[in-house]
A.B. asks: 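I have a structure here, written as structure tokens, and I will follow up with some questions on it.
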Amino acid sequence: MDNHSINIKQAIHVSQTCLCLQLQKAARKVARSFDDAFRDIDLSHGQFSLLMMLMQPTPPNVGGLADALAMDRTTLTANLKPLQRNGFITVFPDPKDGRGKCIKLTESGEALLAMALPKWEYVQQQLTENLTAGTLNSGQASQLMAQLKQVAK
């Protein structure tokens, strides 16, 4: 075996211990739960999160929003287009920097979030209950959330 080969034991070890893989798997499962809940209002979990991040007194610019969501600007811009096309957001020149763009939630966007929030609350409660009914108590679940926030910084 040369230096570029791996064996089944190594592959199994990586698949069982890789932080990235385990976080991705968990994220996909959680995301599917929210996508299922939002399906009847034609909203994805990613769109919900993006719209929620726009609920602030001052409309953020694309760069600030991308940073807050841990996304690159081109991915964020691609995700903004259908929301803008559907009238849930407006995009306008950044008053502080004419080269940049700011994003504002519209009344239609706020109405969509008002419909989505009870669905989110239900799924959030179910996932939290499932988590604490399994291996974690409520204190550990809170600690997990704090740790995930730390990792996402």
A.B. asks: Do you reckon Val62 sits in the same ILVMFWY cluster as Met52, going by side-chain contacts under 4.5 Å, direct or chained?
C.D. replies: yes
A.B. asks: Between Lys104 and Phe92, does the side chain to side chain contact (heavy atoms under 4.5 Å, CB included) criterion hold? Intermediate values first, please.
C.D. replies: CA-CA 8 Å; Lys104 182 173 176 27; Phe92 58 94; 3.8 Å; yes
A.B. asks: Let me confirm one number: the NZ-CG distance from Lys153 to Leu148, rounded to the nearest 0.5 Å.
C.D. replies: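 Going from the NZ atom of Lys153 to the CG atom of Leu148 covers 13.0 Å.
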A.B. asks: Do the side chain of Asn61 and the main chain of Asp94 share a donor and acceptor less than 3.5 angstrom apart?
C.D. replies: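 Checked: no pair found.
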A.B. asks: Are any of the side-chain heavy atoms of Met55 and Glu110 separated by less than 4.5 Å?
C.D. replies: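 SC-SC contact between Met55 and Glu110 confirmed.
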A.B. asks: Carefully, step by step, assess Leu113 and Leu105 under the rule side chain to side chain contact (heavy atoms under 4.5 Å, CB included).
C.D. replies: CA-CA 10 Å; Leu113 282 178; Leu105 198 59; 3.7 Å; yes
A.B. asks: Is it true that atom CE of Met145 has more than 12 heavy atoms of other residues, nucleotides or ligands lying nearer than 6.0 Å?
C.D. replies: no
A.B. asks: Using the side chain to side chain donor-acceptor pair (under 3.5 Å) rule, take Glu129 and Gln125 through it: C-alpha gap first, then chi angles, then the decisive distance, then the call.
C.D. replies: CA-CA 6 Å; Glu129 286 175 5; Gln125 180 182 354; 2.8 Å; yes
A.B. asks: Do any N or O atoms from the side chain of Asn86 and from the backbone of Phe88 form a donor-acceptor pair under 3.5 angstrom?
C.D. replies: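 The answer is no, because no donor-acceptor pair under 3.5 Å joins these two groups.
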A.B. asks: Between Leu76 and Leu50, is any pair of side-chain heavy atoms under 4.5 Å apart?
C.D. replies: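 In contact.
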A.B. asks: For the aromatic rings, using the six-membered ring if either is Trp, is the centroid distance between Phe34 and Phe48 under 6.0 Å?
C.D. replies: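 For Phe34 and Phe48, the ring centres are not under 6.0 Å apart.
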A.B. asks: Working to the nearest 0.5 Å, report the span between CG of Leu112 and CG of Asp42.
C.D. replies: 9.0 Å
A.B. asks: Salt bridge between Asp36 and Arg39, side-chain N to carboxylate O under 4.0 Å?
C.D. replies: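 Looking at Asp36 and Arg39, the cut-off is met.
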A.B. asks: Determine whether Gln147 and Val151 satisfy the following criterion, side chain to side chain contact (heavy atoms under 4.5 Å, CB included), listing intermediate values before the conclusion.
C.D. replies: CA-CA 6 Å; Gln147 290 168 336; Val151 169; 5.5 Å; no
A.B. asks: May I ask you to test the Ser33-Leu127 pair for a side-chain heavy-atom distance under 4.5 Å?
C.D. replies: yes
A.B. asks: Would you compute the distance between atom CG of Leu43 and atom OG of Ser49 and round it to the nearest 0.5 angstrom?
C.D. replies: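 The distance works out to 9.0 Å.
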A.B. asks: Which atom names give the shortest non-hydrogen contact between Pro82 and Ala78, and what distance separates them?
C.D. replies: CD-O, 3.3 Å
A.B. asks: I'd like to check Leu69 versus Asn79 (side-chain heavy atoms, cut-off strictly below 4.5 Å). Are they in contact?
C.D. replies: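 Side chain of Leu69 against side chain of Asn79, heavy atoms only: no contact under 4.5 Å found.
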A.B. asks: What are the two closest heavy atoms between Leu54 and Pro60, and how far apart are they?
C.D. replies: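 Nearest pair, atom of Leu54 first, then Pro60: CD2-CG, 3.6 Å.
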A.B. asks: Do the side chains of Phe38 and Tyr122 join up, straight or via other hydrophobic residues, at under 4.5 Å, putting them in one cluster?
C.D. replies: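 Hydrophobic grouping puts Phe38 with Tyr122.
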A.B. asks: List, one per line, each side-chain donor-acceptor pair under 3.5 Å for residues 16-28, sequence neighbours excluded.
C.D. replies:
| from | atom 1 | to | atom 2 | distance (Å) |
| --- | --- | --- | --- | --- |
| Thr17 | OG1 | His13 | O | 2.6 |
| Gln22 | NE2 | Ser15 | O | 2.8 |

A.B. asks: Quick one: pull up CD in Gln84 and OG1 in Thr90 and give me the separation to the nearest 0.5 Å.
C.D. replies: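 So the CD of Gln84 and the OG1 of Thr90 are separated by 7.5 Å.
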A.B. asks: Measure the shortest side-chain to side-chain distance between Pro95 and Cys102 over non-hydrogen atoms and say whether it is less than 4.5 angstrom.
C.D. replies: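 In contact.
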A.B. asks: Please give me the minimum heavy-atom distance between Pro59 and Pro57, naming the atom from each residue.
C.D. replies: CD-O, 3.9 Å
A.B. asks: Is it true that Arg99 and Asp97 make a salt bridge, defined as a side-chain N closer than 4.0 Å to a carboxylate O?
C.D. replies: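 A salt bridge links Arg99 with Asp97.
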A.B. asks: Looking at every heavy atom in both Ser5 and Gln10, which two are closest together, and how far apart are they?
C.D. replies: O-OE1, 4.2 Å
A.B. asks: Determine the minimum heavy-atom distance between Ala37 and Lys119, stating which atoms define it.
C.D. replies: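 Looking at all heavy atoms of both residues, the shortest contact is O-CD, 3.3 Å.
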